[in-house]
S.K.: 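Just dropping this structure here.
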There are 2 protein chains.
Amino acid sequence: MQIISNSFTEENYLKAIHKLSRKNPTGVSTNSIAEVMETKASSVTDMVKKLAVKKLINYKKYQGVTLTEKGRKAAVSVVRKHRLWEVFLVHSLGFKWDNVHEIAEELEHVQSDELVDKLDKYLGFPKYDPHGDPIPDSEGNITYHKDMCLSDLDPSEAGVVVGVKDSSSSFLQYIEKMKLILGAKVRVEEIIDFDRSMSISINGKLVGSISESVAKNLYIKRT
Amino acid sequence: MQIISNSFTEENYLKAIHKLSRKNPTGVSTNSIAEVMETKASSVTDMVKKLAVKKLINYKKYQGVTLTEKGRKAAVSVVRKHRLWEVFLVHSLGFKWDNVHEIAEELEHVQSDELVDKLDKYLGFPKYDPHGDPIPDSEGNITYHKDMCLSDLDPSEAGVVVGVKDSSSSFLQYIEKMKLILGAKVRVEEIIDFDRSMSISINGKLVGSISESVAKNLYIKRT
DNA sequence: AATTAATTTTAGTCTAATCTAAAAATTATA
DNA sequence: TATAATTTTTAGATTAGACTAAAATTAATT
Ligand SMILES: [Mn+2]
Ligand SMILES: [Mn+2]
Ligand SMILES: [Mn+2]
Ligand SMILES: [Mn+2]
């Protein structure tokens with residue numbers, strides 16, 4: 001099998017399709033890809049045609065797309081690089097976790113396989129990135145552990161923060177200020193019917209209330 | 001002053017022009033740029049027009065180009081990133097020095113200034129890259145120290161290897177096999193008139209003979 | 001089932017970067 | 001200095017990726 005590398009743009013599309021495939025395993029819509037890629041649906045159609053020719057995705061007009069095994073491997077490889085670089089930026093270089101996503105967005109496209117594997121070793125084969133997302137192994141396997149959100153807990157239930165769904169700077173800064181960082185023990189004290197906001201305590205201390213939208217973006221392991 | 005970032009291609013052109021400017025301070029020819037960039041002269045003409053519009057170079061038809069201060073800063077920034085990443089690859093990740101140039105060629109285009117400065121600090125503010133080339137400081141200053149080649153020495157003169165002119169894998173592998181690595185003490189024993197090849201000793205031990213072309217690609221500090 | 005709404009695709013245009021072939025300018029040489 | 005050789009620029013085409021506007025298809029509502 002010859003190795004033909006994909007362009008930055010192609011890699012970003014593959015990554016977007018891979019991300020969307022978790023919620024839409026039977027087929028990812030043109031519009032949803034356009035939204036993630038911050039582009040127009042017509043541009044997506046052009047690109048998916050090209051990716052289909054390269055056998056990276058399965059595409060039939062109007063039917064949505066799925067990744068082929070080749071495409072999945074390519075997508076996961078980019079995800080692996082992204083998350084390993086994020087670990088490097090935070091743990092080696094001392095970046096804050098809310099400041100690494102954009103840089104990793106560039107670093108993830110650097111080609112060398114040897115580089116990725118040496119970086120992985122250098123970092124001590126980390127399992128999770130700074131946002132709690134699992135790092136795929138060099139074979140392309142990912143072990144997801146995050147299926148429950150803080151918003152899924154009922155009053156008096158508790159859990160540990162294991163990840164964030166939204167990696168935007170503003171969200172990360174907000175939850176850091178609230179001490180809702182990875183590893184924090186959260187207990188739901190009360191849920192307000194009106195807007196589904198909840199008052200919570202962290203590590204045993206009452207800290208106030210957070211909106212439903214915030215609770216939906218925090219992954220929890222129930223205790 | 002607004003910060004408008006340059007494309008990979010523009011950065012590579014600026015780097016090429018900067019490199020050629022050392023030998024041609026009064027103006028770099030279209031053809032010489034084409035050679036370094038491995039492209040056609042007509043493509044160079046198109047690009048230099050664009051770089052001139054962006055005030056990165058001075059360009060008058062048929063006259064050759066020079067970097068503006070803005071262009072010089074941009075070029076040196078890329079060089080700085082290239083060399084710092086090479087140090088990281090060799091010293092942190094354990095790459096061989098003959099295997100880092102291509103990877104650095106990609107890494108040099110990652111944008112963040114904060115990244116470069118944190119990397120610089122992480123590496124202990126190195127002065128030279130693995131090939132002996134000086135690393136520009138964050139202000140854009142470069143202190144060149146390499147003006148003499150091994151081929152400039154006369155018989156019975158000696159010096160220390162401080163850098164290589166050619167960073168190709170094959171050259172680096174050859175001189176490593178010859179133990180002609182950075183820091184090696186070289187003494188010229190004899191120069192053959194016929195082809196200007198020289199027999200040398202390294203660290204006091206006679207090692208045989210090298211061609212003039214090899215000697216021309218080794219920077220030396222005379223002792 | 002028919003109509004409306006939403007989604008998706010097509011057609012045509014644009015920009016960046018490249019190329020070939022030909023014209024223009026410069027440099028070297030007789 | 002006139003001619004030839006070399007270098008550089010222009011003209012015109014191509015490709016990747018994106019966009020707008022319009023057509024085609026599918027989904028949702030009467
Ligand atoms: Mn990216
Ligand atoms: Mn992350
Ligand atoms: Mn480069
Ligand atoms: Mn180097």
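A, B, ... follow the sequence lines: proteins, then strands. Residue 1 opens every chain. As the structure is a prediction and not an experimental result, all values here were calculated from the model. What's counted below: heavy atoms across the whole structure, side chains too, no hydrogens, waters or symmetry copies.
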S.K.: Give, ordered by number, those residues of residues 42-49 of chain B having at least one heavy-atom distance below 4.0 Å to an atom of DNA chain C; if nothing qualifies, reply none.
M.R.: B:Ser42, B:Ser43, B:Asp46, B:Met47
S.K.: Check whether any side-chain N or O of A:Tyr62 sits under 4.0 Å from OP1 or OP2 of C:dT10, and answer yes or no.
M.R.: no
S.K.: D:dA18, OP1 or OP2 - any side-chain N/O from A:Tyr13 closer than 4.0 Å?
M.R.: yes
S.K.: Using a strict threshold of under 4.0 Å (side-chain N to carboxylate O), is an ion pair present between B:Glu139 and B:Lys73?
M.R.: no
S.K.: What is the distance, rounded to the nearest whole Å, between atom CG of A:Asn12 and atom C1' of D:dA16?
M.R.: 15 Å
S.K.: Output side-chain donor-acceptor pairs under 3.5 Å for residues 116-123 of chain B, partner residues at least two apart or in another chain, one line each.
M.R.:
from, atom 1, to, atom 2, distance (Å)
B:Asp117, OD1, B:Arg80, NH2, 3.0
B:Lys118, NZ, B:Glu114, OE2, 2.7
B:Asp120, OD2, B:Arg80, NH1, 3.3
B:Asp120, OD2, B:Arg80, NH2, 3.2
B:Tyr122, OH, A:Tyr122, OH, 2.4

S.K.: Does the side chain of A:Lys61 get closer than 4.0 angstrom to OP1 or OP2 of D:dA24 through an N or O atom?
M.R.: no
S.K.: Atom NZ of A:Lys60 to atom P of C:dT8: distance rounded to whole Å?
M.R.: 16 Å
S.K.: Heavy atoms only, 4.0 Å cut-off, all strands: where does A:Phe8 land among base, sugar-phosphate and nothing?
M.R.: nothing
S.K.: Taking atom types as modelled, find out whether B:Asn31 and B:Ser29 have a side-chain donor-acceptor pair closer than 3.5 angstrom.
M.R.: no
S.K.: State, without any angle test, whether A:His101 and A:His131 hold a side-chain donor-acceptor pair at a distance under 3.5 Å.
M.R.: no
S.K.: Is a donor from one side chain sitting under 3.5 angstrom from an acceptor on the other, for A:Gln173 and A:Asp98?
M.R.: yes
S.K.: Check every atom of D:dA18, D:dT25, D:dT8 against the side chain of A:Thr9 and return the nucleotide holding the closest atom.
M.R.: D:dA18
S.K.: Taking CG from A:Leu51 and P from D:dA16, how many angstroms apart are they, rounded to a whole number?
M.R.: 12 Å
S.K.: Under a plain distance cut-off of 3.5 Å, with no hydrogens placed, do B:Ser42 and B:Thr45 share a side-chain donor-acceptor pair?
M.R.: no
S.K.: What do the steps show when you test B:Glu11 against B:Lys15 for salt bridge (charged side-chain N to carboxylate O under 4.0 Å, His left out), and what is the final call?
M.R.: CA-CA 6 Å; B:Glu11 289 189 343; B:Lys15 204 173 51 148; over 6 Å; no
S.K.: Among residues 27-40 of chain B, which contact DNA chain C at a heavy-atom distance under 4.0 Å?
M.R.: B:Thr39, B:Lys40
S.K.: Under 6.0 Å from the six-membered ring centre of A:Phe88 and within 45° of its axis: does the NZ or CZ of A:Arg83 meet both?
M.R.: no
S.K.: Which nucleotide, D:dT9, C:dT9, D:dA18, lies nearest any side-chain atom of A:Ala41?
M.R.: C:dT9
S.K.: Rounded off to whole Å, could you give me the CD-to-P distance for the B:Gln63 and C:dA25 pair?
M.R.: 13 Å
S.K.: Quick one about B:Asn12 and B:His109 (side-chain donor to acceptor, distance below 3.5 Å, no hydrogens or angles considered), yes or no?
M.R.: yes
